[in-house]
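For reference, the structure is listed below as structure tokens.
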Amino acid sequence: MRTLILSTILRALTPLFISFALYMFFRGHNNPGGGFIAGLIASIPFMLHAMVFGYKRTTRVFRIRPRLLAGLGLLLALISGMFSVLRGEPYLSPVWVDEKLPVIGKVGTPIFFDFGVLLVVFGVVLQITFLLTEE
Amino acid sequence: MSLFTLAAYIAIVLISISTLLTLIRFIIGPSLPDRVISLDVFSANLLAVLAIYSVLSEEKAYLNVALIMSLIAFVGTMTFAYYLVQKRHKHQGDDSGYS
Amino acid sequence: MSDILTPFILLPLWVLLIAFIFCILFWKYAKVQAVIALTSAAGYLLSAVWLFLAVYQDGIQVVQIGNWPAPYGITLVADLFASIMVLISAVIAFAIILYSLQDISAERKRNGFYPVLLVMVFGVCGSFLTGDVFNLYVWFEVMLVASFVLIVLGNRQGQLEGSVKYVTLSFISSGFLLTGIAILYKLTGTLNMADLSEAIAQHPDPELINLATVFFLVGFGIKAALFPFFSWLPASYPTPPISVVGLMAGLLTKVGVYALMRFFTLLFTYDLPSTHSLLLVLAGLTMFFGVLGALAQRDFKKILSFHIVSQIGYMIMGLALFTPLAIAGSIFYIVHHILVKTNLFLISGIVKVTQGHYLLSKLGGVYDRYPYLTLLFAISAFSLAGIPPLSGFWGKFILAKAGLEANRYFIVAVSLLVGLLTLFSMSKIWVSVFWSSAPGEAKGEFKYDSRTLFKSHYLLILSSVFLTLCTLVLSFYPEALIALSKRTAEQLLDPQIYIDAVLNNNNN
Amino acid sequence: MLFSLLSIFLAGLLAAFFYRRYPKVALPVLSLFLLGIIAYFARFTAPVLQGEVLIQEVPWINALDIHFTFLLDGLSLFFALLITVFGLLILLYSSKYMEHSAQRGRFVSYLLLFMGSMLGVVLSANLISLFVFWELTSFSSFLLIGFNHRQEASRRAARQALLITSGGGLALMAGFIFLEIATGSGYQLTELLTRPEAVADSGLRTAAIILIAIGAISKSAQFPLHFWLPNAMAAPTPVSAYLHAATMVKAGVYLLFRLNPLFQEVALWHHLLGITGALTMTLGAWKAFQEDDLKRILAYTTVSALGILFMMVGLGGEAAVNAAMVYLMAHALYKGALFLAAGSIDHQTGSRRISQLSDLMRKMPATAAAVLLSAASMAGVLPLLGFVGKELLYDALYHSGQEWSMIYLALLFMAGAFFKAVSIDIVYNALIRKGNLQDKTIREADVFMAFPPLLMAAVSLLAGIAPALVVEPLLKWSAADIYAAEPSMKLKLWHGFNRVFLLSVATLLAGAGLYVLRDRLRQVSKPAWLDADYWYDAVVSTTETLAKASTEILQNGYLRNYIATVILAFSALLIYALVDGGLGLPRPPEGLFNGLQIYELVIFALVVLAVVFLFNIRSRLIVTATFGIIGYSIALAYTLFSAPDVAITQFLAETLTLILLILIIHRLPPYTLRNTITRIKYLPVAILFGVLMTITSWIILEQDKDSALQRYFLEKSISEGKGQNAVNVILVDFRALDTLGEITVLTVTMIGIIALLAFQTDRAEL
Amino acid sequence: MIILLNLLIATLMTWFTQAVYPGIPASGFTTLLLFVAWSTLLWLLMFFYNEAAFYKSRQIGVLVLFYLKELVAASLRVAYEVLTPQDHMQPAVVAIPLEAETELEITLLANFITLTPGTLSIDVSADRKTLYVHEVYVESGDTDKVRQQIKDGFEKKILKITRSRSNA
Amino acid sequence: MIQDILSAVFILAGSIFMLIASIGMIRFPDFYIRNSASTKAVVLGVLLILLGVGIHYNDTIVFIEIFAILLFIFLIAPLAAHIVSRAAVITQVKFWEKTKLDELREYEKEQEEEAGGKA
Amino acid sequence: MNLLIALIVGILFSASLFLMLQKSFFKLIIGVILFGYATIFFLFTVGGTTKNAPPLISPQEASVEGLADPLPQALTLTAIVISIGVQLFVIVLLKKVYEEVGTEDLDDLNTTDRI
Ligand code: NA
Ligand code: NA
């Protein structure tokens, strides 16, 4: 299903989708959004890419193995809860940085946790799509 | 009820009718691309409903739903198209309707 | 008091999840994964022992995840029952991983066998430890999805067919659980089990709670393979490799049983005469129809699978009798059954190594050729059948005593009859696999003699020996576990202990 | 005592490893060891004969009050000596008999396992430890009967024996538990036996008696569970001699003896045992008379003899018990000897059918002498111990005055006649008659094999001649323990020409007459249903048929039936909960459709339309699209009900599912006609389920909810969770553990899909 | 490139202005107005240091407006067609030879065409020389006229922008 | 007030176009025409409605979001129409009988060559 | 209104069951997914069907009265994601079953239960 028009637009859409995903992610703590939603949105362009161009060409563009991303995401989520243990609080207690950063807002372990979610969703969806579009 | 709300309600009714018509096309088909397009229009209708509903309920959050809705519907359409073309390559002459 | 104790409960979970993640990161390196798996299994075992000792000495351990006070956040609770279950799951996981090193094909190892195995144990462990009903659902799903993968890993026709049934019925059961959770939340406004226990006790309309009870009963009933919800089990368990079946046979249904025991001691005790009589009926039917299923089979693994169903009945029988002795009997039975049933599957795998089959008609001659293997089987099989003084006897004895004390003569009669039928079935395996001559024996079709079998498959045998030793300890020195089970039963029958531990342990 | 038992078990374990490899060393060592054991028990003779009772207590399972309590009184000492002495003789005998078996190590090991268990049974004074040993004897018997495991008959017989004796054992266990519940004696025999009134008061006595009797009946091969014993003759002959004549089958009798003080006042006890015993005795004797196979003859006479012992316990009273005790001793001696001799004969001639044997008096004189003496004892001929026993039996019955005693006497007379006929048959046809073995070279059995039966026969003779000297001292105390009173046994060979002696003579004549008529009597047709084995087979095959039928219904392989079963069972429970709880349809306070808005109707209409349409399409793709409409409509509903996060997630999830469905189905072939047929027959189930779920959810939704959690989360979301979106704060903070589990599920799904898609199915491996 | 940069600067300036002058109400309109004002200012400034970019952005603006006009016209035409009982449609598939060469050009053209009255791009030939279009209003079967319209309309405008060598 | 009226007008106009698109979906004779018509009207309808909503909220973030949606829609809607109609042509969905198809034959030939080349 | 929701739940359950009881694996999958939808939808609605009050707390307003219960929403989200996992797995399972067994007919998938 390679059409010139589609592939061009897809190229334009990819950064749009990704920045949109990041937008949804960072506002997630205060508005609808968050890791799961952002992860899925971010995976859409690559998913389409794999559908249009086939798995092989997509993996040439998308070099990192998606399953690795999923593993790292899970690791991030797991570890983000351990900071509090170091401070003598139960696992997964939130630890926040006092300062508020511009655009992103407050930074704390829940944000990292949510980013772990994002990575997992992103990796999982991509891995599955890649496998299914593999001939 | 303010004039604005009334207008919004009318709009919702119009779009509901529109949705119904879309669904009729979906049901009668006859070809698969017809159905795909009607799904596409269906999702645009949903987008509209959500946007208007957002206005009516003064809840911006629903606009986000609409936003993502519009992105997602496109992916759905693409997949159906992908299916059509792939199917064509796989089973020559055995397209949508294999009943 | 929680700060330092926090890792006690979480340590087993961490060990498994980290191992899981690292297995994914080292996806291409099956050998590395094997090392990770074995190390983490050992680590899990150690941390489970540690947790158990902590609970045994200092009482119920509680951690409020995220430092959110009790009914609001998620609470992990390790009481005696939970920590016993964690410990026994660790024992099994260790034996299985040892076994799998030589049992599982390289292709399977390359396609995620170890991580999925670990994550399944992770789910099992979490299910035991959680004190929150929705969180329990999540753990169940972790465990189930992992078990789906394990069942199907290998893509053989039987595996695929079995998994279709397994997945569908599991999904239905999860749906019921979720609905039950929803109803409970609507009626009581809480998810924390300790909090729920109080809320249910005080709820003005027990009839409404009854609705939730039905959903939980069926939901857990499917997972625990109760009659008439057990069909998925014999359909799917015999299909994957032995390491997988062994683990599932030992752990999965027992998580369902655990949940039933937890819910029907902590939450649904407002109408004992009807709920627990119903359980008793289900228990009787389960053991009876389970063993009938086993009698109809002619395949080693299938027979064993149906016996799981049958034995679940005994565990539920103890719960349904609802006396301290009966519950102690259930707990003893669970531990015994996990060890013995897993071991039986492991042994069936070794038998298959020798002759390449699971069909009874194509097996034979093991008695003469592999006397030590025969001994291993005899201990587990006749323990399962309840020959004294093997562990199964103590389980049956305690349950029978409890049943007779409670004047529930019929269920005791059924349980004894089923015991006899179990013996019938076990002796059938014994007679046709061990005593009869093998069809291929004349043609010299044995691949190994006793010595070369050990040399080439020593891990299989070692893990079976390990479990057998556990069984023997349980058989000849049941005192420790029985006393422990009695203590656990007392704890279970007095929910206030649990409630106090959870709700009065807020760190804030 | 514990150590003697443990040492026997240990010896058994060691024998399994060393016996076969070092028989030259192992046999003497083992024999010496057994001699030591015998000496150990013999040491206690002196105190026990003074009426002393020795008790040893070894704690085992405190949590269940189960301990190893060992008791040594006359009864147990008698049995202990019987077991150990016979054990030694059998060991010696089998060292030759099994000489060429590759598995004689195992054999000896099993034999010692059995010996230890049997000793455990007779020494235990804790009901449960007794039961443990009791079951172990069954189990070791199973191993021994199946020793020639390559023969189908052995396997069958072993399994049969195991099932019957273990089944009885389960009843026995229940009976023991009843006794414990009734008396609370901590399973201690010594305490239990002193409290018959507690058992009577508990109302559990009848049940306990019946259950215990079932246990004893199965173990001692009483009618109708007697048939396993003749079949057990598939075992090697030493086993038959040891287990199935002298010791194990007597465990049931032993148990009755042991518990007799507890129940000897109860009519049920007497009638149940008496009638069972009498029936078994008669039946066994008749069957023995029918047989030609030497071992089967012996087996049936054993059944019959055990029946006699049961009958005597049933008769009750000191005389009966004394008689039973003597008869038990006599039987052990003659039956052990006969079995061993039969084994030797079989070993030397290759046959054990009487019709094929002859001339043994000349060919195997030592063995023949043992057979002759033992058969005479069996026939109750002067001056053997059998005669003493028989006289005592007749005497006890004759003078009993119990209501059934005359019937018992008549039956015993009949059985005795058969015994005598059988004895004549054996002696004449196998030993004396000149027949087909006349010209064959047949050697006398080895000394190890010839000596034990001869010794037993000699003891029979000695004990017969001087019973008061040889057997009375110990038997007296044993019997006393049974009726729990001062010993009253006085034995002598000759009581003079009284009516009882006349009865004996009459029996002998009747036996001779039967022997003469035996060919004609054997031709009496025997319908199959008279054979207990027939019933065993019928029960087994019925069970298997039932198992198959029920499994074919419950586990028929069709997923839809499994689902339907689950749902129907669920529905039944739900209906019960609804009806039982009196939960009718709710009456919402504000009316049915209050607050209903057009959106909800639209969503409802969308869902209904889509669902209806779903069943009318035959293209997977359109099904998929329709299903997408349902999913999107639900997402719309989530938006409507103030859940933007959920709505977005639902949209995304739905789309993801759609994509995957489409990616998959484009590879599937077109629907076949079979697949497209909608099975209407399940519609009622579906509708029932839908209606129930509607009612349930309606009832639940009409309830008020008051959740502290809701307030907590909303209030703490900003202050503690640092976020305005309470849902997201719950997901990543308040309940982050759920989310951790959720992403784990996703990761596992990914691995699962990798496994499904990337795995190259290995078809080579099974 | 420079145009995008300018837009970015305008955005930043808008934000900055709002941050510095809290008196300006932060409603969407004021923001929009500010943005438009800043963009216009920057655009005008561009005239002095990058004339080509100035014209080019003007062309882009014209193109966008033209596009919107076409879209409205197209929709009105649909409305007209829907609402009048008789139909005026004479559809045909038309092959349009392309002058546009780059992917961007072809894609822009195809996309624009789809939103103009009666037209719908179907595909581009493998050699990228022909664009196949479904046209609903082919008066009296004259496909050449359609071809000409498209080539003179959008294609020309697009090519003008993409081929002016300003944004080096 | 003006804001409300403006917003209402936009929303109503948009809805009308949406409705027109749907009527077109029912009325037009073949897939290609339906596709062609619906795409245009729907895009315009959504554009108008979103503008109406934006005017109503009069909020910077909302404006930006709406701008983003519109950007997506302008990229995606014609693309979707293109992809589906291309797929329709390939799968030989029937044209209206009045359609002139001379130049389509060329395209079909090209497609066949491509398919042949692949095989 | 609760009745209407209950009806939706009931209809979804009913339809899902009916689909699961058909012969086609594909329909089974749709049924399974619908079963999940019904469950999750019910789980969601126990939180109450508050309209126009999503649990987005504005920092300015002190009161959180009347906002929808966020907990069922969070639970629903988790449940959706989890069942998505299972759904994806089942869908791929369909593909694999078809490849390996060569049929999509559930009635042919009964070899493992044969005695
Ligand atoms: Na079992
Ligand atoms: Na066999």
Which atoms of [X] approach chain C - backbone, side chain, both or neither, heavy atom under 4.5 Å:
{"X": "Ser707(D)", "value": "both"}
{"X": "Phe139(D)", "value": "side chain"}
{"X": "Leu568(D)", "value": "neither"}
{"X": "Arg106(D)", "value": "side chain"}
{"X": "Trp134(D)", "value": "neither"}
{"X": "Gln151(D)", "value": "neither"}
{"X": "Leu143(D)", "value": "both"}
{"X": "Phe133(D)", "value": "neither"}
{"X": "Gln555(D)", "value": "side chain"}
{"X": "Leu204(D)", "value": "side chain"}

Pick from [options]: which one has the most heavy-atom pairs with chain C under 4.5 Å?
{"options": "Thr749(D), Val745(D), Ile753(D), Ile700(D)", "value": "Ile700(D)"}
{"options": "Asp738(D), Val132(D), Val748(D)", "value": "Asp738(D)"}
{"options": "Asp580(D), Asp706(D), Asp704(D), Ile128(D)", "value": "Ile128(D)"}
{"options": "Lys548(D), Arg155(D), Lys705(D)", "value": "Arg155(D)"}
{"options": "Ile699(D), Asn561(D), Asp733(D), Leu746(D)", "value": "Asp733(D)"}

Does any backbone or side-chain atom of [X] lie under 4.5 Å from a heavy atom of chain D? Answer side chain, backbone, both or neither.
{"X": "Leu150(C)", "answer": "neither"}
{"X": "Phe397(C)", "answer": "both"}
{"X": "Asp271(C)", "answer": "neither"}
{"X": "Leu187(C)", "answer": "side chain"}
{"X": "Thr188(C)", "answer": "backbone"}
{"X": "Tyr185(C)", "answer": "both"}
{"X": "Ile387(C)", "answer": "side chain"}
{"X": "Val119(C)", "answer": "side chain"}
{"X": "Leu144(C)", "answer": "neither"}
{"X": "Glu161(C)", "answer": "neither"}
{"X": "Pro206(C)", "answer": "neither"}
{"X": "Thr168(C)", "answer": "side chain"}
{"X": "Phe176(C)", "answer": "side chain"}

(message) To check you understand the geometry: which heavy-atom pair defines the closest contact between Ala755(D) and Leu153(C), and what is its length?
(response) CB-CD1, 3.3 Å
(message) For Asn148(D), is there any backbone N or O sitting under 3.5 Å from a side-chain donor or acceptor partner on Trp435(C)?
(response) no
(message) Determine whether a donor-acceptor pair (N or O, by modelled atom type, separation under 3.5 Å) exists between the side chain of Glu479(C) and the backbone of Ala63(D).
(response) yes
(message) Leu76(C) vs Leu737(D), test: side chain to side chain contact (heavy atoms under 4.5 Å, CB included). Steps then yes/no.
(response) CA-CA 10 Å; Leu76(C) 294 188; Leu737(D) 196 62; 3.9 Å; yes
Are side-chain heavy atoms of [X] and [Y] found at a separation under 4.5 Å?
{"X": "Ile66(D)", "Y": "Trp394(C)", "value": "yes"}
{"X": "Phe570(D)", "Y": "Ile172(C)", "value": "no"}
{"X": "Pro389(C)", "Y": "Leu136(D)", "value": "yes"}

(request) For the pair Ile751(D) and Trp27(C), evaluate side chain to side chain contact (heavy atoms under 4.5 Å, CB included) and give the outcome as yes or no after the intermediate values. (result) CA-CA 10 Å; Ile751(D) 299 181; Trp27(C) 185 261; 3.7 Å; yes
(request) Starting from the C-alpha separation in whole Å, work towards a yes-or-no answer on side chain to side chain contact (heavy atoms under 4.5 Å, CB included) for Phe134(C) and Arg735(D). (result) CA-CA 10 Å; Phe134(C) 187 80; Arg735(D) 295 183 67 91; 3.4 Å; yes
Quick check on the interface: out of [options], who has the most heavy-atom pairs with chain D under 4.5 Å?
{"options": "Pro388(C), Ala296(C), Ser485(C)", "result": "Pro388(C)"}
{"options": "Ile24(C), Leu416(C), Leu295(C)", "result": "Leu416(C)"}
{"options": "Val164(C), Asn135(C), Val142(C), Val149(C)", "result": "Asn135(C)"}
{"options": "Glu207(C), Lys401(C), Lys165(C), Lys186(C)", "result": "Lys186(C)"}
{"options": "Gly386(C), Gly293(C), Gly403(C)", "result": "Gly293(C)"}
{"options": "Phe382(C), Trp139(C), Tyr367(C), Phe113(C)", "result": "Tyr367(C)"}

(request) Can you spot which of Val214(C), Leu211(C), Asn210(C) makes a side-chain contact (heavy atoms from CB on, under 4.5 Å) with Leu573(D)? (result) Val214(C)
(request) Given side chain to side chain contact (heavy atoms under 4.5 Å, CB included), test Leu292(C) with Leu554(D) step by step and report yes or no. (result) CA-CA 10 Å; Leu292(C) 280 192; Leu554(D) 285 171; over 6 Å; no
(request) Could you pull out all residues at least two apart from Lys486(C) that satisfy side-chain hydrogen bond (donor to acceptor under 3.5 Å, both in side chains)? (result) none
Show me the donor-acceptor pairs, under 3.5 Å and distance only, between side chains in residues 158-181 of chain D and residues at least two apart or in other chains.
| unit_1 | atom_1 | unit_2 | atom_2 | d |
| --- | --- | --- | --- | --- |
| Arg159(D) | NE | Ser427(C) | OG | 2.8 |
| Arg159(D) | NH2 | Phe424(C) | O | 2.9 |
| Gln160(D) | OE1 | Asn231(D) | ND2 | 2.6 |
| Gln160(D) | NE2 | Asp533(D) | OD1 | 2.7 |
| Thr165(D) | OG1 | Ser138(D) | OG | 3.4 |
| Thr165(D) | OG1 | Ala161(D) | O | 2.6 |
| Thr165(D) | OG1 | Leu162(D) | O | 3.4 |
| Ser166(D) | OG | Leu162(D) | O | 2.9 |
| Glu180(D) | OE1 | Gly186(D) | N | 3.1 |
| Glu180(D) | OE1 | Tyr187(D) | N | 2.7 |
| Glu180(D) | OE2 | Gly186(D) | N | 3.3 |

(message) Parallel, tilted or perpendicular: which one describes the rings of Trp430(C) and Phe142(D), with boundaries at 30° and 60°?
(response) tilted
(message) Below 30° counts as parallel, above 60° as perpendicular, anything between as tilted: where do the rings of Tyr712(D) and Tyr72(C) land?
(response) parallel
